[in-house]
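Before any comments, here is the structure.
Below, read A as the first sequence line, B as the second, and so on, with proteins coming before strands; counting in each chain starts at 1.
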Amino acid sequence: MPELPEVETVRRGLEPAMQGARIERLELRRPDLRFPFPEGLAQSVAGQKISALGRRAKYLLIHLENGQVLICHLGMSGSFRVEHGDGAETPGQFHIARSRDQKHDHVIFHLRSAGQEPLRVVYNDPRRFGFMLSTSGADLHDHPLLAHLGLEPTGNALSAEALATMFANRSTSLKAALMDQSLISGLGNIYVCEALWRAGLSPRRKASTLVTRAGQPTPRAARLAQAIRAVIAEAIASGGSTLRDHAQTDGSLGYFQHSFSVYDREAVACPRAQCTGTVKRVVQNGRSTFYCPSCQR
DNA sequence: ACTACTCCCTGCCAGC
DNA sequence: TGCTGGCAGGGAGTAG
């Protein structure tokens with residue numbers, strides 16, 4: 001499921017095909033995804049050159065020469081793929097899986113770069129939880145979808161001190177707090193479970209227990225900050241290796257097979273050295289949580 | 001302000 | 001074999 005690392009991998013995978021290319025035509029094959037496409041979207045982007053591909057949290061941002069920005073979300077099942085020329089497979093590039101279910105190809109960017117064969121970037125999304133909206137670059141950070149996003153879980157900004165500030169007086173669970181996009185933006189169910197496992201913290205622990213009365217981070221907060229950054233950094237690196245190893249991909253850019261320590265591993269032995277526990281599944285806030293009750297406290 | 005719940009949508013899979 | 005129901009999940013919306 002596309003969380004921040006997957007979206008970043010998609011961004012990097014699309015960049016060579018899209019950056020600097022001109023949109024000859026935007027083909028919308030239905031009126032909506034999760035939300036209706038903006039009025040006049042196809043007309044407004046036709047002929048525009050793509051100046052950059054960006055990302056904020058789980059949002060892919062397609063910046064156009066005229067200042068317009070397409071805000072794309074992959075939802076749960078969204079993926080992109082790149083098709084070259086007339087659709088023939090191109091060795092060493094993302095190739096077409098002819099057998100792929102094409103009825104969920106909802107959006108097609110028809111692109112052309114100077115001196116290159118035309119190509120298509122196809123957005124496929126069976127469950128249509130994704131969406132594609134448009135805003136002006138000047139309004140981007142005030143857009144309702146982006147304005148309230150919290151810290152990116154990459155880099156040093158996500159510190160023990162930052163966690164302490166977020167978690168002070170929070171009575172909710174660590175799991176729910178980490179899933180809250182207004183606190184940390186970009187974590188989803190998988191990486192929250194993995195980060196909590198790595199930090200040895202129970203997802204059921206109250207978020208406020210990582211903060212002292214004086215508002216300072218406890219050692220647990222430091223462990224958690226470190227675990228989140230490591231899990232995200234490793235997942236992005238893993239996505240990068242998936243991109244390099246595209247001989248094994250089917251050409252789609254959306255989400256990848258990773259091996260997880262606890263996620264979706266109910267009843268499996270905890271992989272931590274010296275731990276004899278078993279991974280358990282519980283439901284928190286309507287979502288599955290996987291953790292080891294033995295070493296996560 | 002904070003918390004927790006429902007809903008959207010389709011594909012997949014276990015159980016009958 | 002074909003049906004049914006549960007589950008997956010991000011985020012908007014809503015209610016308390």
Could you give the CZ-to-P distance, from A/Arg265 to C/dA8, as a whole number of Å? 17 Å

Partner set under side chain to side chain contact (heavy atoms under 4.5 Å, CB included) for A/Ala46, not counting sequence neighbours: none

Can you pull out how bent the helix from B/dC2-C/dG16 to B/dC16-C/dG2 is, comparing the axes over its first five and last five pairs, to 10°? 50°

I'd like to know if the side chain of A/Arg223 reaches the main chain of A/Ala199, judged simply by a donor and an acceptor atom lying under 3.5 Å from each other, with no hydrogens or angles considered. yes

Assign each of A/Leu145 and A/Arg127 the nucleotide of DNA chain C bearing its closest heavy atom; nearer the 5' end lies the nucleotide of A/Arg127

Could you check A/Arg287 against A/Arg170 and say which one's nearest nucleotide on DNA chain B is further toward the 5' end? A/Arg170

Whichever of A/Thr172 and A/Arg30 has its nearest DNA chain B nucleotide further upstream toward 5': A/Thr172

Taking only side-chain N and O atoms of A/Arg34, does any of them lie within less than 4.0 angstrom of OP1 or OP2 on C/dG10? no

When we call it a touch if two heavy atoms are under 4.0 Å apart, what does A/Phe131 touch: a base, just sugar-phosphate, or nothing? nothing

Please tell me whether A/Glu27 and A/His110 have a donor and an acceptor in their side chains that are separated by less than 3.5 angstrom. yes

How close or far is atom C1' of C/dA8 from atom CD of A/Glu266, stated in whole angstroms? 14 Å

Please confirm whether the backbone N or O of A/Leu201 pairs with a side-chain atom of A/Arg220, one donor and one acceptor, at under 3.5 Å? no

Expressed as a whole number of angstroms, how long is the span from A/Leu74:CG to C/dG10:P? 12 Å

